[in-house]
Amino acid sequence: MILGRVKDEWPDYLIFRAEIAVSEDDKAILADFTEDERVSALLSLKLELARAGVGYSGLTAIDSGLNIFTKIPINHALSEDQLIESIWKLEAVVNQVYLIGAIAAQRHKASQKDVGVDHPTAETEQLLRV
């Protein structure tokens, strides 16, 4: 997580940003998803980001990385509590992103069992690591 101030764009705000990269192992798991599963996971992710009230960029596909950000104004009322709350908020959103991936992997695994294809539990565990 990065805390900073971008003088050219938002000079009067502190910006909190988290970059989420998709590992090669995660990409291998996601490559096995059907197109419907990929779209569903991507829409779930976008829905949760909207609910959280944070901005994001770079989210073009479920296996692409993304940046999540939020900002607070720099003024005389800025407090330590606001800073900590913003950090916790962004941390919670990062956890939501990982959980959405893990849920999608679990659903995929369950759907594969329904058609007689069995995948090891390690796939879901791979997405659960934070």
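Residue indices begin at 1 and follow the sequence shown.
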Would you find a donor on one side and an acceptor on the other, under 3.5 Å apart, between the side chain of Arg17 and the backbone of Leu3?
no
Can you confirm whether Ile72 sits close enough to Phe16 that some side-chain heavy atom of one is under 4.5 Å from a side-chain heavy atom of the other?
yes
For Ala41 against Ala104, the heavy-atom pair lying closest together:
CB-CB, 3.9 Å
Taking side chain as C-beta onward, heavy atoms only, is Thr70 less than 4.5 Å from Lys89?
yes
CD-CG distance between Glu80 and Leu83, expressed to the nearest 0.5 angstrom
7.5 Å
Give a yes or no answer on whether the side chain of Glu37 reaches the backbone of Thr34 with a donor-acceptor pair at less than 3.5 Å.
yes
Using a 4.5 Å side-chain heavy-atom cut-off and chaining through intermediate ILVMFWY residues, the residues clustered with Leu43 come out as Val39
Hey, are the side chains of Val22 and Ile62 touching, using non-hydrogen atoms and a 4.5 Å cut-off?
no
Distance (rounded to the nearest 0.5 Å) between Leu90 CG and Ile15 CD1
11.5 Å
Has Ser40 got a side-chain atom pairing as donor or acceptor with Asp36's backbone, closer than 3.5 angstrom?
no
Do the non-hydrogen side-chain atoms of Trp10 and Leu14 ever get within less than 4.5 Å of each other?
no
Check whether any side-chain heavy atom of Asp12 sits under 4.5 Å from a side-chain heavy atom of Pro73, and report yes or no.
no
Output for pair (Leu45 CG, Ile100 CD1), nearest 0.5 Å, gives 5.0 Å
Between CZ of Arg38 and CZ of Phe33, what distance do you get to the nearest 0.5 Å?
8.5 Å
Assess whether side chain to side chain contact (heavy atoms under 4.5 Å, CB included) is satisfied between Tyr98 and Ile20, documenting all intermediate values.
CA-CA 9 Å; Tyr98 284 112; Ile20 299 176; 4.0 Å; yes
Verify the cluster assignment for Ile68 and Ile2: are they in a single hydrophobic cluster under the rule of side-chain heavy atoms below 4.5 Å apart?
no
Which heavy-atom pair separates Phe69 from Tyr56 by the least distance, and what is that distance?
CE2-N, 3.6 Å
Are the side chains of Leu59 and Leu42 in contact, using a 4.5 Å heavy-atom criterion?
yes
Answer yes or no: are there more than 12 heavy-atom neighbours, outside Gln82 itself, under 6.0 Å from its atom CD?
yes
Cluster link Ile103 to Val94, ILVMFWY, side chain under 4.5 Å
no
Mind checking the CZ-NZ spacing from Arg51 to Lys46? Nearest 0.5 Å is all I need.
15.5 Å
Is it true that, when you exclude Arg107 itself, more than 12 heavy atoms of the residues, nucleotides or ligands shown sit nearer than 6.0 Å to its CZ?
no
